[in-house]
Amino acid sequence: MTDRKMELAANLARVEERIAAACAAAGRRRDEVTLIVVTKTYPASDVRLLAELGVRQVAENRDQDAAPKAVECADLPLTWHFVGQLQTNKVRSVAGYAGLVQSVDRARLVTALSKEAVRAEREMGCLIQVALDAEAGERGDRGGVAPDGVAALAEAIDNAQGLRLDGVMTVAPLAGPYEGRQRAAFERLREISTDLRAAYPAATMVSAGMSADLEDAVAAGATHVRVGTAVLGVRPRLG
Ligand SMILES: *Cc1c(COP(=O)(O)O)cnc(C)c1O
């Protein structure tokens, strides 16, 4: 094994231990939580090593970085999640590789995703990104719809051709009432998910938690954690 592969294997093992311990502490089965490795800013060669180490779910937040990586890794058995703020002019490209878009936060984006999913003859999973710090009717700074906008967006996705409503996603707010209260933020997301599932029982995904706060997310009921730094290392630049 190369040094890099050994490093990634060791990091994955540590993250796996953390997830397993968090599941045990919460009385949850380990298979209730899926690890998604966020490979943003890291090269396709790392994605390939991760796939060799058994990773099947990867995430990216910028189309200009993700698109060429997905092409280089097209032979690998990976599902690509798009987790960044998405402009409608990038949607055609994203529809070429993403199995899921976790950052759906406005009706116009739903329209664009639907059109491109149909054109590409693919079904794309959609998570509604919830901005827990946004006021009624607003979008958050880092993307996401305010909690009171979730129901309307869910209906739009459910009615859109080529799209599948899979659940909700959040990034713990850096400011506002949830600042420093990741666990409370993720519990609020879980409540929003419960309401959503009452109307759309198949929308079971709750994507929450990153390297620093995955334990809080697992405790609060997340089904998917998105981990970058703890697997790949501290990113060389902001991504
Ligand atoms: C970068 C990123 C992550 C991973 O963050 P780490 O702190 O590196 O684990 C998770 N979710 C989103 C939306 C991201 O952009």
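Nothing fancy with the numbering, it's 1 onward along the sequence. Only a predicted model underlies this, so the values are computations on that prediction, with no experimental measurement involved. All ligand and atom numbering here is 1-based and tracks the order in the structure.
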Fill in the blank from the handout: Which of Ile128, Ile192, Leu189 passes side chain to side chain contact (heavy atoms under 4.5 Å, CB included) with Thr170? Answer is Leu189
Exercise for the section: Determine, step by step, whether Arg190 and Ser193 satisfy the side chain to side chain donor-acceptor pair (under 3.5 Å) criterion, reporting the C-alpha distance in whole Å, the side-chain angles of both residues, the deciding distance to 0.1 Å, and the verdict. Expected result: CA-CA 5 Å; Arg190 179 70 193 190; Ser193 165; 5.1 Å; no
Practice task
List every atom of ligand 1 that sits less than 4.0 Å from any heavy atom of Val227, numbering the atoms from 1 in the order shown and giving each element.
Solution key: 9 (O)
Completion exercise
One finds that the ligand 1 atoms under 4.0 Å from a non-hydrogen atom of Thr229 are 6 (P), 7 (O), 8 (O), 9 (O)
Exercise for the section: Please state whether Arg235 comes within less than 4.0 angstrom of ligand 1, counting heavy atoms only. Expected result: yes
Problem - Atom CD of Glu155 with >12 non-hydrogen neighbours under 6.0 angstrom - result: no
Completion exercise
Residue pairs meeting salt bridge (charged side-chain N to carboxylate O under 4.0 Å, His left out), one or both in residues 92-115, sequence neighbours left out, come to Arg92-Glu116, Asp105-Arg139
Completion exercise
At under 4.0 Å between heavy atoms, what of Lys40 touches ligand 1? The answer is side chain
